[in-house]
Amino acid sequence: MPTIDDHDERIAAAIAEQHALRARVSLRDEFGDLRLVAGVDAGFENEGTVIRAAVVVLRFPDLAPVDYALVRQPVTFPYVPGLLAFREVPAMIAAFDRLHTEPDMVICDGHGIAHPRRCGIACHLGVLLNLPTIGCAKQRLIGRYVTPPTVRGARSPLYDGSEQIGWVLRTRADAQPVFVSPGHRVSLDRATEVVMACTTRFRLPETTRFAHRLASHGQLPLV
DNA sequence: GCGACAG
DNA sequence: ATCTTGTCGC
């Protein structure tokens with residue numbers, strides 16, 4: 001049976017893997033015309049013992065859903081702040097394998113480089129899939145910032161010391177801002193532009209909203 | 001030693 | 001993340 005020591009060793013191995021993955025992350029804009037943009041998210045069932053990973057592909061820029069995939073797997077890793085990817089990415093990759101299309105950009109529910117080791121879930125997924133990815137999180141993990149003005153589109157830099165690791169973006173006037181950071185193959189500024197382009201009347205981008213509904217309901221709501 | 005801590 | 005009643009605002 002698993003012991004405390006085994007747990008500690010898995011944590012240590014995960015952190016070591018993040019250092020390796022981090023070296024493979026590109027913060028340059030390595031993608032062409034955006035025709036398909038995907039959202040990915042995870043949900044849980046059976047008292048948290050099963051993870052549901054959902055990917056929904058939307059046509060860009062009209063954001064109409066054109067493809068999706070849903071995968072269920074046993075949970076194999078606990079939630080540890082900073083190690084979220086080890087809990088959710090395996091199921092997400094299985095879901096991407098089931099798509100009938102290949103998205104030009106992927107927006108993840110969580111951070112990209114705005115992470116203690118610059119290797120948030122968006123970086124992790126992007127490197128393993130070799131796809132451009134963006135981290136769009138609802139909550140801060142690390143970094144300091146001043147609250148951006150209350151108008152849609154307003155943004156203020158997220159800093160770790162003197163290094164900018166993301167943008168705190170107001171996607172909707174009267175709502176809490178989101179935290180945008182590059183995952184892989186995209187720059188800070190382009191990542192923020194894409195998130196804005198995928199956000200219409202709600203706080204979160206449509207990509208994330210579609211994926212979230214699929215992941216939490218276990219099927220695409222007919223409404 | 002004391003907080004902070006994506007989903 | 002998930003659970004879950006009530007409440008506010010358009």
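To find a chain, count down the sequence lines: A is the first, B the second, and so on, and within it residues start at 1. Here the structure is a predicted model, which means the values were calculated and not measured.
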### Among B/dA6, C/dA1, B/dC5, the one nearest A/F44 by side-chain distance
C/dA1
### Task
Give the rounded distance in Å between these two atoms: CG of A/L125 and P of B/dA6.
19 Å
### Message
Tell me which one of A/R118, A/R144, A/R117 satisfies salt bridge (charged side-chain N to carboxylate O under 4.0 Å, His left out) with A/D160.
### Response
A/R118
### Under-4.0 Å side-chain N/O to phosphate OP1/OP2 contact, A/K138 with B/dG7
yes
### A/N130 side chain reached by A/R185 side chain, heavy atoms, under 4.5 Å
yes
### Message
Does the structure show A/Y79 stacking with B/dG7, if we require the centres to be closer than 5.5 Å and the planes to be within less than 30 degrees of parallel?
### Response
yes
### Query
For A/H212 and C/dA1, is the shortest distance between a side-chain N/O and OP1 or OP2 below 4.0 Å?
yes
### Query
Which stems, defined as runs of 3 or more consecutive Watson-Crick or G-U wobble pairs with both pairing distances under 3.5 Å, involve DNA chain B?
none
### Task
Starting from C1' on C/dC3, measure out to CD on A/E45 and report it in whole angstrom.
16 Å
### Query
Would you call A/F31 and A/R190 a side-chain contact if the rule is heavy atoms closer than 4.5 Å?
yes
### Task
Let me know which of A/L169, A/V168, A/T171 forms a side chain to side chain contact (heavy atoms under 4.5 Å, CB included) with A/P177.
A/V168
### Query
Would you find more than 12 non-hydrogen atoms of other residues, nucleotides or ligands less than 6.0 Å from A/R152 atom CZ?
yes
### Query
In whole Å, what is the span from the CZ atom of A/F77 to the P atom of C/dA1?
19 Å
### Message
Run the side chain to side chain contact (heavy atoms under 4.5 Å, CB included) test on A/V106 and A/V55 for me, step by step, so that the C-alpha distance in whole Å, both residues' side-chain angles and the decisive distance to 0.1 Å come before the verdict.
### Response
CA-CA 9 Å; A/V106 180; A/V55 188; 6.0 Å; no
### Task
Measure the distance from CG on A/L84 to P on B/dA4 and round it to the nearest whole Å.
21 Å
#### Entry: Phosphate OP1/OP2 of B/dC5 contacted by A/R140 side-chain N/O (<4.0 Å)
yes
### Atom-pair distance (CD on A/E88; C1' on B/dG7), nearest Å
5 Å
### Task
Figure out the CZ/C1' separation between A/R144 and B/dC5, and round it to whole Å.
16 Å
### Task
Show your working on ring pair (Phe, Tyr, Trp, His ring centres under 6.0 Å) between A/Y145 and A/F179 and close with a plain yes or no.
CA-CA 10 Å; A/Y145 64 97; A/F179 299 77; 5.4 Å; yes
### Message
Regarding A/G135, tell me which of base, sugar-phosphate or nothing describes its non-hydrogen contacts under 4.0 Å with the strands shown.
### Response
nothing
### Message
Any base atoms under 4.0 Å from A/I142, or only sugar-phosphate, or nothing? Heavy atoms, all strands.
### Response
nothing
### Value in whole Å for how far the P atom of B/dA6 lies from CD1 of A/I165
13 Å
### Task
Check the distance between B/dA6's P and A/F86's CZ and give it to me in whole angstrom.
17 Å
